[in-house]
Structures are given as structure tokens and as C-alpha cells.
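Below, chain A is the first sequence line, B the second, and so on; all start at residue 1.
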Amino acid sequence: MAHWLYKSEPFKWSWDAQVKAGDKGTFWDGVRNHAAKLNLMRMKVGERGFFYHSNEGKEIVGIVEVTREAYPDPTAEAAEPWVVVEIKAVKPLKTPVSLATIKGEPRLADMALMKLSRLSVQPVTEAEWELICTMGGVDPA
DNA sequence: GCCAACGTTGGC
DNA sequence: GCCAACGTTGGC
């Protein structure tokens, strides 16, 4: 099962907002980048990902799960190719894992977050997933 | 099809 | 507020 990382600026869409949306979840819109779009299209229902706050906080704060696979973005023009997926909040990290912490961990030096810092939806490898879950004080399963 | 100019993102 | 990274646009 693949894992993912979703970046959002808290003032636009925060972890708290995602939690309030409950099990019903919400669609993840606003992706206007082809690399991110390809990631959205690869997602399957039930796959989990990290929820990362950019700009403010700069830390991974929670875990979300895909509840609906890619479909056309309702906020885009009809002719445009953009898609959204739907996700719901699963649980917060006991200890948020900050960007500074990730930078200080050699085993995470190859993370997409380090190398492709502007990509808003990123893949996370199995090893990265387990390590960050452990650092965050939650069960990776 | 190349590449310079420009806009946007996001860390600092 | 600055600047680096990167995607996109548009002239040639």
C-alpha cells in the first residue's frame, strides 16, 4: 500500500478543519501541478498519508486516509484536466514531526519533502512512513 | 524546440 | 521581506 504526504497552508485548510469534516471527509482541491496530479491519480481508497502544514508550523500533524479516488476537480474549469481525491482525518500524531526534525534525520534526507519542497502532493516510501510514524508516536499500521 | 522572463511556492 | 527552486509562457 502506497503512502502520501499532503501539504496545506493552515490558513487555507488546516488539520483542525480536516478533523471537523469528520468521517465524511472532504475533497482535496487546488492541485494545479501535473506531478501532483499524477500522484492523486495513483491513490487508492484506504491508502494513508501525512497531513503537513506549510508556512505556518512546518510540521506533519496528522494522518489521513483516501475515501474516494480521483475524479474531475469541481473547482476547475470543465475543459481543464485537474482532479481531486477525497480524504478524511484518521488520527493526529502524538508528537508533530517538524521540518527541522526531518532535516536532522539522515534517513529522511531523500524524502520528496526535502528534494521537491514545492510539490503539494508527494509520495512517501514505506521506510519513511514507518520512521515518521514512530517519531510521531503513532502506530504505522 | 530552445531559452529567457516571469510568476508562484515555501523556507528562512 | 527576501530569495531559491521550479513550472509556465512566449519570442525567436
Provide, to the nearest angstrom, the distance between the [atom1] atom belonging to [X] and the [atom2] atom belonging to [N].
X: A/H34; N: C/dG7; atom1: NE2; atom2: P; answer: 11 Å
X: A/N55; N: C/dC3; atom1: CG; atom2: P; answer: 18 Å
X: A/M111; N: B/dG11; atom1: CE; atom2: P; answer: 12 Å
X: A/E59; N: B/dG10; atom1: CD; atom2: P; answer: 16 Å
X: A/L119; N: C/dA4; atom1: CG; atom2: C1'; answer: 17 Å
X: A/Y52; N: B/dT9; atom1: OH; atom2: P; answer: 15 Å
X: A/R118; N: B/dT8; atom1: CZ; atom2: P; answer: 10 Å
X: A/F11; N: B/dG10; atom1: CZ; atom2: C1'; answer: 12 Å

Phosphate contact (B/dG10 OP1 or OP2) by A/K7 side-chain N/O below 4.0 Å: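 For B/dG10, OP1/OP2 do have a side-chain N/O of A/K7 under 4.0 Å.
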Phosphate OP1/OP2 of B/dC12 contacted by A/K103 side-chain N/O (<4.0 Å):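 For A/K103, the contact criterion (side-chain N or O under 4.0 Å from OP1 or OP2 of B/dC12) is met.
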Heavy atoms from other residues, nucleotides or ligands near CD of A/E56 exceed 12 (cutoff 6.0 Å):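 For A/E56, atom CD is crowded (more than 12 foreign heavy atoms under 6.0 Å).
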More than 12 heavy atoms of other groups within 6.0 Å of A/M41 CE: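 Check fails, neighbour count at 12 or below.
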Ring centroid separation A/Y6 to A/W28 under 6.0 Å: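 That pair passes the under 6.0 Å test.
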A/E128 side-chain N/O to A/T125 backbone N/O, donor-acceptor pair under 3.5 Å: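 Yes.
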Sugar-phosphate, base or nothing in reach of A/L99, heavy atoms under 4.0 Å: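 The answer is sugar-phosphate, as A/L99 gets under 4.0 Å only of primed atoms, P, OP1 or OP2.
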